[in-house]
Amino acid sequence: MNLRAVVIGASAGGVQALSHLLPGLSAGFPVPVMVVVHVPPRKANALVDLFAQKCRLPVKEAEDKEPLVPGTIYFAPPDYHLLVETERTLALSSDETVNHSRPAIDVLFETAADAFGPGLVGIVLTGANHDGARGLRAVCEAGGTALVQDPATAEVATMPEAALAACSAARAMTLDEMKWSLEAMVRS
């Protein structure tokens with residue numbers, strides 16, 4: 001597989017799941033990683049500082065019109081949808097909420113699927129709604145790879161279960177299996 005980007009979506013319990021997954025990526029991980037976590041609007045984004053201390057890759061809050069840099073983890077800012085434009089730059093949008101969320105996982109996944117096609121890996125982690133299910137299906141339809149946190153290991157199984165139901169090609173994995181799978185993909 002020619003991996004070109006990773007998108008990750010998480011909600012309830014997501015900080016703990018990401019704390020297991022993201023620090024496990026090697027310092028030489030060669031593709032950008034974009035993350036949407038459902039966070040309350042009008043709150044400072046503590047996620048960037050939290051993960052910058054834990055991860056071997058640079059971590060930053062995504063900025064509008066910013067070109068994607070390999071080996072960087074981008075978090076969606078609170079109250080903005082994160083999109084990938086076809087020229088592989090990031091965009092921020094304050095459009096209406098999707099699945100009662102802004103940022104919404106579906107918005108990131110669908111736009112990234114358009115930009116990266118079969119070079120994209122989409123990952124849905126723990127959460128209490130259905131955000132990410134439609135987006136993960138778009139990743140699969142574009143020829144990308146779909147990974148889902150095993151619902152039995154998720155703090156809240158609703159989001160992983162919805163993603164697995166929406167995308168029959170998705171593979172359920174533990175967080176450790178996801179880390180190993182991502183590292184294997186960049187080495188192949």
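All values below come from the heavy atoms of this structure, side chains included, with hydrogens, waters and symmetry mates left out.
- When all heavy atoms are compared, the tightest approach of L83 to L92 is CD1-C, 4.4 Å.
- For S101, the side chain to side chain donor-acceptor pair (under 3.5 Å) partners are H38, not counting sequence neighbours.
- For residues 77-137, no residue pair satisfies the disulfide (SG to SG under 2.5 Å) rule, not counting sequence neighbours.
- Under the side-chain contact (heavy atoms from CB on, under 4.5 Å) criterion, T174 pairs with T153, D176, E177, sequence neighbours left out.
- The stretch residues 152-185 participates, sequence neighbours left out, in these disulfide (SG to SG under 2.5 Å) pairs: C140-C167.
- In this structure, L90 and L68 have side chains that are in contact, with non-hydrogen atoms separated by less than 4.5 Å.
- Residue T126 comes nearest to A154 through the heavy atom pair CB-CB, 3.8 Å, listed as atom of the first residue, atom of the second, then distance.
- With sequence neighbours excluded, the residues forming a side chain to side chain donor-acceptor pair (under 3.5 Å) with D95 are S93, listed by chain and number.
- D131 and M159 make their closest contact through O-CG, 3.1 Å (heavy atoms, listed as atom of the first residue, atom of the second, distance).
- Each disulfide (SG to SG under 2.5 Å) pair with one or both residues in residues 97-130, not counting sequence neighbours, would appear here, but there are none.
- Here ring pair (Phe, Tyr, Trp, His ring centres under 6.0 Å) pairs that include residues 45-98, with residues two or more places apart or in two chains, are F51-F75.
- Under the 4.5 Å side-chain criterion, counting only non-hydrogen atoms from C-beta, V59 is not in contact with Q53.
- In this structure, the side chain of R171 does not engage the main chain of L147 through any donor-acceptor pair within 3.5 Å.
- Atom CD of E96 has 12 or fewer neighbouring heavy atoms from other residues, nucleotides or ligands inside a 6.0 Å radius.
- With sequence neighbours excluded, the residues that form a side chain to side chain donor-acceptor pair (under 3.5 Å) with K54 are S19.
- Residues L50 and L175 share a single hydrophobic cluster, defined by chaining ILVMFWY side chains whose heavy atoms lie under 4.5 Å apart.
- Applying the side chain to side chain donor-acceptor pair (under 3.5 Å) rule to E155 yields no partners; only residues at least two apart in sequence or on another chain are considered.
- In this structure the side chain of V6 never reaches within 4.5 angstrom of the side chain of M185, judged on heavy atoms.
- Tested against S26 for a side-chain hydrogen bond (donor to acceptor under 3.5 Å, both in side chains), the candidates K179, R187, E183, R56 yield a single pass: E183.
- Atom CD1 of I8 is separated from atom CG of L21 by 5.0 Å, given to the nearest 0.5 angstrom.
- C55 meets the disulfide bond (SG atoms under 2.5 Å apart) test with no other residue; sequence neighbours excluded.
- Here ring pair (Phe, Tyr, Trp, His ring centres under 6.0 Å) pairs that include residues 105-148, with residues two or more places apart or in two chains, number zero.
- Two residues are said to be in side-chain contact when any heavy atoms from C-beta on lie closer than 4.5 Å; L182 and I123 meet this criterion.
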Check: Hey, mind stepping through V84 and L108 against side chain to side chain contact (heavy atoms under 4.5 Å, CB included) and telling me if it holds?
Finding: CA-CA 7 Å; V84 181; L108 172 61; 3.9 Å; yes
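- By the 4.5 Å side-chain criterion applied to Ile, Leu, Val, Met, Phe, Trp and Tyr, V156 is assigned to no cluster and stands alone.
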Check: Which is it for V121 and V31 under the side chain to side chain contact (heavy atoms under 4.5 Å, CB included) test, yes or no, and what are the steps along the way?
Finding: CA-CA 11 Å; V121 173; V31 300; over 6 Å; no
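- Of all non-hydrogen atoms in A157 and P151, the two that sit nearest each other are CB-O, 3.7 Å.
- Side-chain contact between E61 and P78 is present, with heavy atoms from C-beta onward closer than 4.5 Å.
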